[in-house]
Engineer: 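Quick one: structure below, then a few questions.
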Amino acid sequence: MDRDKAREEFEHIEREMETLGKSTASPEAEKRLQELSDQLQHLREELTGPLTPWQRVQVARHPQRPHLLDFIPLLFENFSEIHGDRSFSDDPAMVGGFAWFRGKPVMVIGQQKGHDTQQKLKRNFGMPKPEGYRKALRLMNLAAKFHRPIFTFVDTPGAYPGIDSEERGQAEAIARNLRDMVRLPVPIIVTITGEGGSGGALAIAVGDRILILENSVYSVISPEGCASITWRDATKATTAADALKMTADDLRALGIVDQIVPEPAGGAHVDHKKIAESIGEHLQRALAEVSGLPAQELLDQRYRKFRNMGQFFRTAAS
Amino acid sequence: MAWFRKEKEPLKAAEGERLRTEGLWIKCDGCRAIIWKKDLDANWSVCPKCGHHFRIDARTRLRLLLDDENYTTHDSDVETSDPLNFVDLKSYRDRIATAQRTTKLKDAVITAEGTIGGRGVFLCSMEYGFIGGSMGGVVGELITRAAERALDQRIPLIIVSASGGARMMEGTVSLMQMAKVSAALARMDTAGVPYISVLTDPTTGGVTASFSMLGDLNIAEPGALIGFAGPRVIEQTIRQKLPAGFQRSEFLLTHGMLDAVVPRTEMKAYIINALKFFLD
């Protein structure tokens, strides 16, 4: 169940019980009161228990969840956006620019979704095209040239699957980012703030520290996509969300993310300011951990980090 | 009474001379012509009439590209330990077991060390018959090890892709393989050790979006399906039919995404020549 709906219902029932309690006692009112209190108990469990993976997917996609442009004024000072990939166009689904983080100059890059229909269309629902990934890499190279650390913020259903994307080399753009991010000699701190949708997310998510918001998800395929491939039934997404092990806790257990940033009760959308504060703390700590390292050591550590991901195999007895 | 008496003996079929025709002839997917299987085999599974390239398995690919059978394979006994305990209609373990039985491989890639035109190379050959050639932790690890060995010994690396992309049943673990292999290739790139990527039918998803597109040369067989998103996903997203030839090798060549389209029968000569340019 959607927690927002549950919360509304909870409040509604509370009000009804209050009015019933004031009315004169009658067997019907008594019975209704009992019913309502049972429902309330059920909802309370629903609201306070841990979220299921599928519920987290919904929180991660919540239309009011803060996106990069909401975070920027809360986390950074004096942000200047840089547009375009200098070879084809400017992709509004990928936003980047320079800013100051607690007094230090940094490069900020990330996907941008939208809160309302108009914004969503403008931002292509946060699905970048090749020029978006190329812009991101251009900005990262710029940061490296002037020894500035890079913060990336991941929130995308995936790289855009369309005719124009294919014509302009979506795969090549992503591949190049993966290769070049590994060797950028400045700190890269990645934060998964919403949906981490497959290669389109990873293309800006190779870094020295990987943070993830408590209710964010990160996966090789969306639960709906997985469900329609394996069960040939998109409604099995709930089951697929479990099977894919895409929640923050699962990912930390698998060694894919380093830190989980706790969200306010109900999710990040409930309190943008509070979640931004929490992210800020984590970013500062993560940056402090890696910024003192000599460039070569930083690169070696980053290499080893990704080199050792997914050591889930054994040597078979032949 | 008949004028002539007919001997009523049935015609005898010559014992053991029954002609079996199944499997001897194959209909070409390209031109619909009926081809004699032996002609097809002798031509590396390329239709002698229209040049259509049939898919070939990973072992045949080794025979096609390497000089002889004197090659050694590496890490051929590494298999997945199923990181997610993934079960859908069937368990991932069962899928692996079936694929291992039918392909006689532990996972979807063979790493070989051999010679091509007399020059030592590492060759990774992907097996599409193993869960669609998908890349999970084992494929990622084997290719990374090959790249690291190639770098250490300063020997060229060739990867022949045939893959649907990242392996869903290993979730984010398989996604991370894209970064892992790309990291190893970044080191080769920095060190100036050649890497040639050969893309064959089909190469899509996370494999295209990582090592397949990172070669010093990215070359493809004719008519191969190559892309990031699969055609079905694109059709569902844009809700229209895709043009003929979309995402085929020739389409990528015209859009500047491939360095060359090379017929299978000329692939080895092409690679020998390229390595000569890089290294001699």
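All chains are named by letter (A, B, ...) in the order of the sequence lines, taking the proteins before the strands, and each is independently numbered beginning at 1. Worth knowing before you read on, the calculation uses all heavy atoms, side chains too, and leaves out hydrogens, waters and symmetry mates.
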Engineer: Please report the closest heavy-atom contact between A243(A) and L84(B), naming both atoms and the distance.
Structural biologist: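 The pair with the smallest heavy-atom distance is O-CD1, 3.7 Å.
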Engineer: When you measure from the side chain of E141(B) to the backbone N and O of Q311(A), does any donor-acceptor pair fall under 3.5 Å?
Structural biologist: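 Checking the backbone N and O of Q311(A) against the side chain of E141(B), no donor-acceptor pair under 3.5 Å is found.
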Engineer: Among I229(A), L202(A), I221(A), who wins on heavy-atom pairs under 4.5 Å with chain B?
Structural biologist: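 That would be L202(A).
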Engineer: Measuring from atom CE of M309(A) to atom NZ of K180(B), what distance do you get when rounded to the nearest 0.5 angstrom?
Structural biologist: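 The NZ atom of K180(B) is 10.0 Å from CE of M309(A), to the nearest 0.5 Å.
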Engineer: If you compare all heavy atoms of P243(B) against all heavy atoms of I163(A), which two are closest, and at what distance to 0.1 Å?
Structural biologist: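 Heavy atoms only, the tightest pair is CD-CD1, 4.1 Å.
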Engineer: In Å, rounded to the nearest 0.5 Å, how long is the span from OH of Y303(A) to CD of E148(B)?
Structural biologist: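 Between atom OH of Y303(A) and atom CD of E148(B) there are 3.5 Å.
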Engineer: Compare every heavy atom of G310(A) with every heavy atom of V173(B), then report the nearest pair and how far apart it is.
Structural biologist: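 Minimum heavy-atom contact is CG1-CA, 3.7 Å.
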Engineer: Would you name the heavy atoms of C226(A) and F86(B) that are closest together and state the gap between them?
Structural biologist: SG-CZ, 4.1 Å
Engineer: Please classify the contact between Y218(A) and chain B as side chain, backbone, both or neither, with a heavy-atom cut-off of under 4.5 Å.
Structural biologist: both
Engineer: Does any heavy atom of chain A fall under 4.5 Å from the side chain of M168(B), the backbone, both, or neither of them?
Structural biologist: both
Engineer: Please identify, among S198(A), A201(A), G225(A), the residue contributing the most non-hydrogen atom pairs under 4.5 Å to chain B.
Structural biologist: S198(A)
Engineer: For A175(A) versus T208(B), what's the shortest heavy-atom pair and its separation?
Structural biologist: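 Minimum heavy-atom contact is CB-O, 4.3 Å.
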Engineer: To the closest 0.5 Å, what do you measure between OG1 (T204(B)) and CD (E166(A))?
Structural biologist: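 Between T204(B) OG1 and E166(A) CD, I get 9.5 Å after rounding to 0.5 Å.
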Engineer: Please flag which part of I238(B) lies under 4.5 Å from any non-hydrogen atom of chain A: side chain, backbone, both or neither.
Structural biologist: side chain
Engineer: If you measure from NZ on K305(A) to CE on M176(B), what distance do you get to the nearest 0.5 Å?
Structural biologist: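 Atom-to-atom, K305(A):NZ and M176(B):CE are 9.5 Å apart.
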Engineer: State whether the side chain of T144(B) and the backbone N or O of R307(A) hold a donor-acceptor pair below 3.5 Å, judged by distance alone.
Structural biologist: no
Engineer: Between D107(B) and R314(A), is there a side-chain N and carboxylate O pair less than 4.0 Å apart?
Structural biologist: no
Engineer: Could you check whether any side-chain heavy atom of L89(B) comes within less than 4.5 Å of a side-chain heavy atom of W231(A), counting everything from C-beta outward?
Structural biologist: yes
Engineer: Decide yes or no for H255(B) and R168(A): does some side-chain heavy atom of the first lie under 4.5 Å from some side-chain heavy atom of the second?
Structural biologist: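 SC-SC contact between H255(B) and R168(A) ruled out.
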Engineer: What's the shortest heavy-atom distance between V206(A) and A179(B), and which atoms?
Structural biologist: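 Looks like CG2-CB, 4.2 Å.
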Engineer: Give, as side chain, backbone, both or neither, the part of V87(B) having an atom under 4.5 angstrom from any heavy atom of chain A.
Structural biologist: backbone
Engineer: In terms of heavy-atom proximity below 4.5 Å to chain B, should A173(A) be classed as side chain, backbone, both, or neither?
Structural biologist: neither
Engineer: Using non-hydrogen atoms only, which part of L242(B) is less than 4.5 Å away from chain A: side chain, backbone, both, or neither?
Structural biologist: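 It is the side chain, since no backbone atom gets that close.
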Engineer: Before accepting this row, confirm whether a basic side-chain N of the pair D189(B)/R183(A) lies closer than 4.0 Å to the acidic partner's carboxylate O.
Structural biologist: yes
Engineer: At a heavy-atom separation under 4.5 Å, does S210(B) approach chain A through its side chain, its backbone, both, or neither?
Structural biologist: both
Engineer: Name the region of L244(A), side chain, backbone, both or neither, that has any atom closer than 4.5 Å to a heavy atom of chain B.
Structural biologist: both
Engineer: By a 4.5 Å heavy-atom criterion (distance strictly below it), what part of T190(B) contacts chain A: side chain, backbone, both, or neither?
Structural biologist: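 T190(B) touches chain A through backbone and side-chain heavy atoms alike.
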Engineer: Under 4.5 Å from any heavy atom of chain A, what part of Q236(B) do you find: side chain, backbone, both or neither?
Structural biologist: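 For Q236(B), no heavy atom lies under 4.5 Å from chain A.
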Engineer: Select one option (side chain, backbone, both, neither) describing which atoms of F211(B) are under 4.5 Å from chain A's heavy atoms.
Structural biologist: neither
